[in-house]
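Here the structure comes first, spelled out in structure tokens, and everything after it is commentary.
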Amino acid sequence: MDGGAGGGGGAGPEGALHRAGARAGEALGLVVLPGAGVGLAAPGGALPLAGDPAALVAHLEELLHPRWTWWSAAGTAGPLVAAGVHLARCHDVAAAHRLLAGGGRDDPGAAWAAAHGLPEPAAPAPGRAAAHGTGLLDLDGALEGGSGPLERDGRLAAGWVDGRALGPEVEPAERLRRAARWAELALRTAAAQRRALEGAADPRPRPAPPALALQTAWSESAAALLAVELEVTGLPVDRAVAEAVVAAEVGPRPRGPAGEEAARAARDAPVHALLGPVDLRNPAAVLAALRGLGFDLPDTRAWRLERLLGAHPAVEALLRWRRAERTATTYGYAWLERHVGADGRLRGAWSASDGGAGRMTAQAGLHSLPAELRPAVAAEPGHALVRADLGQVEPRVLAAVSGDAALAAAAREEDLYAPVAAALGVDRPTAKVAVLAAMYGQTSGAAGEALRRMERAYPVALAFLRAAEEDGRAGRDVRTWGGRRVRTGGGREARPDPPEEVLAARGRFARNAVVQGAAAELFKAWAATVRAGLAGAGAGGRVVLCLHDELLLHVPQRGAGAAADLLRSALADAARRWAGERVRFVADVAVVRRWSEAK
DNA sequence: TTCCCAACGTA
DNA sequence: CGTACGTTGGGAAT
């Protein structure tokens, strides 16, 4: 970063940072102004630094190895990651807020308010809550009056939350000072969150590992940074193979809108010949046409049509049409065009903890690639893919978080269902169905007797699940093992007397959330540990896909064996921190050239 | 233009 | 054997 720093004096920012109370390994607030500089904040003061943000941050990473503390990785880390800077540790205020508060809000205004005991502010204008807005300009009284980022009532000022206060139209030196001030507020918010995480009451029947909530906040923070990296890195795709897979389903790439239209008509023709000129893309029309053939169905879902395969040739044609249409519209040439870059990387936006239970989500179809396309996910020359997926993760998680000693004993086996089957006195498939039925709240009576035996064999686990279900039915929030608050919908749309259907759905949701959500936490702790290990190895390996219980790494060929070992050791480390020694977690690991070759 | 539903891919 | 998510197209509501 030679010579880029201003404000620190002398050889660099070290002196000023030291005077501001920055210490190696400790929290350091960070705001990035792309192309202009950074705002830093340590416990004793804030420091504006002009210069290239990536160079400044890379230097400080090496010098201080801090826990970078920002409002959100999504808003701050993008330019740094794009410039190739590795950031080892962070506290992501948005991620910690999602963990502590649940719900959909994670903007600075909401996090600040929660951390200071203030009521949640009005939601920022949708779509305009950019990290550092470029919009102008009518800086309101809160800014112009010199009152800075805080309103009189203690809330964050709107002009700061929406980024206008840091916009490029602000005079450069003032803009940097504001960035440092903004970093200071992120640091203060993080400190309050840390106190809340450390002081969190432990409502569970048995004690969690020490500081689990704080550890979880940090691994969730790492996942938020990983989400930024995943989008920058992308998933390596062999475009020729992908196009061949598409072509096999829908034919050659159509040329222009006319070709598009012709291909569409060609897809429809065989079904029209058998079913009449029905609008195949309108389910109601398809339903009516099928009724004309004598099939009276509640809907036209594939599994329902498959039962009628022998009855009329139109059924087979329709099912074939559905597959082709899915490929053409969702995973076809247009999709490749939109999401696969010139460098052969499939890119989409990632979210580190979306939805009710806090799983990762991804756009651009990254989480729902059809199996037929997996041969197209391929290592680049000189590289390998290393794939690992957790085995039977949800029942193992249930054993860990419920504290059921008998289930934990079963979870010490490579195949958890074998001892469960023995305990229940049933065969393995029945045992598996019984466990899943218990975890997810069965409604049809298929596993009735096995479920009653589950109750006798694993009463602690079943009581844990029943308690979550009761909380959900009552509209009470539940907390996952790592401390994530999951709202069950009792608050919003509070109808006076919800029908049984709604109550039952809330119960199933809560029963599922305490398992699925906890599994998501363990997964992210694993992913964060793997990420750190890859960086430490220094061989350029990257996580390229996270898929709920599966990790895919892209590594130089000669590092593949080490990466496979890392996946196993990282799981052991993460699981020990997360659950102690009582439960074993297992991963299936394979070094492959194509994703389809694993498993 | 916005919102909801059906359908289906993944875990 | 239920939950979660994203994407698409169509139709109704606005």
Side-chain angles (χ1 to χ4, degrees), chain A residues 126-127 249 264 268 278-287 297-306 318-319 321-332 334-335 338-339 348-374 377 389-395 397-398 429-448 450-451 454 465 468-469 472 478 480 486 488-489 504-520 523 545-552 595 599:
Chain A
E249 190 70 51
R264 207 166 127 123
D268 295 3
V278 54
D279 180 359
L280 297 170
R281 293 163 190 83
N282 180 344
V286 173
L287 204 58
L297 303 168
D299 58 59
T300 71
R301 297 195 140 83
W303 64 268
R304 225 183 274 283
L305 296 180
E306 273 156 22
L318 184 55
L319 284 167
W321 178 89
R322 281 260 173 85
R323 285 183 42 207
E325 180 73 4
R326 165 76 43 185
T327 299
T329 56
T330 306
Y331 298 107
W335 172 73
R338 247 196 319 276
H339 300 297
W350 286 76
S351 159
S353 62
D354 221 350
R359 296 223 281 200
M360 296 181 82
T361 60
Q363 295 179 325
L366 280 158
H367 272 177
S368 47
L369 285 177
E372 302 84 64
L373 272 169
R374 293 188 175 197
V377 177
D389 78 312
L390 302 177
Q392 306 164 342
V393 62
E394 294 195 335
V397 162
L398 174 61
T430 306
K432 184 172 176 177
V433 167
V435 170
L436 295 176
M439 277 192 297
Y440 304 144
Q442 76 154 30
T443 53
S444 62
L451 209 50
M454 281 284 295
L465 291 166
E469 176 168 0
V478 293
T480 63
V486 178
T488 60
R506 279 185 198 163
R508 283 196 306 274
F509 168 71
R511 185 185 270 260
N512 180 261
V514 292
V515 177
Q516 187 187 102
F523 174 81
L545 191 69
C546 295
L547 197 48
H548 308 313
D549 66 353
E550 177 172 353
L551 276 172
L552 196 64
W595 194 16
K599 193 157 201 179

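Letters go in sequence order (proteins before strands), and every chain restarts at 1. From a predicted model like this one, the values you see are computed outputs, not experimental measurements.
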| field | Residue whose closest nucleotide on DNA chain C lies nearer the 5' end, A/Leu436 versus A/His548 | value |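 Of the two residues, A/Leu436 wins.
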For [X], answer base if it contacts any base atom (sugar-phosphate contacts may also be present), sugar-phosphate if it contacts only those atoms, and nothing otherwise; contact means non-hydrogen atoms under 4.0 Å.
X        : value
A/Leu366 : nothing
A/Arg264 : sugar-phosphate
A/Arg374 : sugar-phosphate
A/Gly356 : sugar-phosphate
A/Gln363 : sugar-phosphate
A/Asp389 : nothing

| Are A/Glu325 and A/Arg281 close enough for a salt bridge, meaning some N to O gap below 4.0 Å? | yes
Please confirm whether the shortest side-chain N or O distance from [X] to OP1 or OP2 of [N] is below 4.0 Å.
X        : N     : value
A/Arg359 : C/dC5 : no
A/Thr330 : C/dT8 : no
A/Asn282 : C/dG9 : no
A/Arg301 : B/dA7 : yes
A/Arg338 : C/dT8 : yes
A/Arg326 : B/dA7 : no

Candidate nucleotides [options], ranked by approach to the side chain of [X] - the nearest:
X        : options               : result
A/Arg322 : B/dC8, C/dA4, C/dC1   : B/dC8
A/Leu547 : C/dG10, B/dA11, C/dG6 : B/dA11
A/Ala371 : B/dT10, C/dG2, C/dT7  : B/dT10
A/Ser368 : B/dA11, C/dC1, B/dT10 : B/dT10
A/Pro370 : C/dG2, B/dG9, B/dA7   : B/dG9
A/Asp354 : B/dA7, C/dG6, C/dT3   : C/dG6
A/Thr361 : B/dT10, C/dG6, B/dC8  : C/dG6

| query | Roughly how far, to the nearest 0.5 Å, is CH2 of A/Trp335 from OG1 of A/Thr327? | reply | 10.5 Å
| request: First locate atom CG of A/Leu305, then atom CZ of A/Arg322, and finally report the distance between them rounded to the nearest 0.5 Å. | output: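 CZ of A/Arg322 is found 6.0 Å from CG of A/Leu305.
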| message | Output the rounded distance in Å from CG (A/Asp268) to P (C/dG9). | response |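 Roughly 13 Å, once rounded to whole Å.
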| field | Heavy-atom side-chain contact between A/Trp350 and A/Leu545 under 4.5 Å | value |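 Heavy-atom side-chain distance check passes, below 4.5 Å.
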| task | Can you establish whether the number of heavy atoms outside A/Arg323 located under 6.0 Å from its atom CZ is more than 12? | result | no
Listing, residues 358-368 of chain A side-chain donor-acceptor contacts under 3.5 Å, not counting sequence neighbours, or none:
| unit_1 | atom_1 | unit_2 | atom_2 | d |
| --- | --- | --- | --- | --- |
| A/Thr361 | OG1 | A/Asp354 | OD2 | 3.2 |
| A/His367 | NE2 | A/Cys546 | O | 2.6 |
| A/Ser368 | OG | A/Tyr331 | OH | 2.9 |

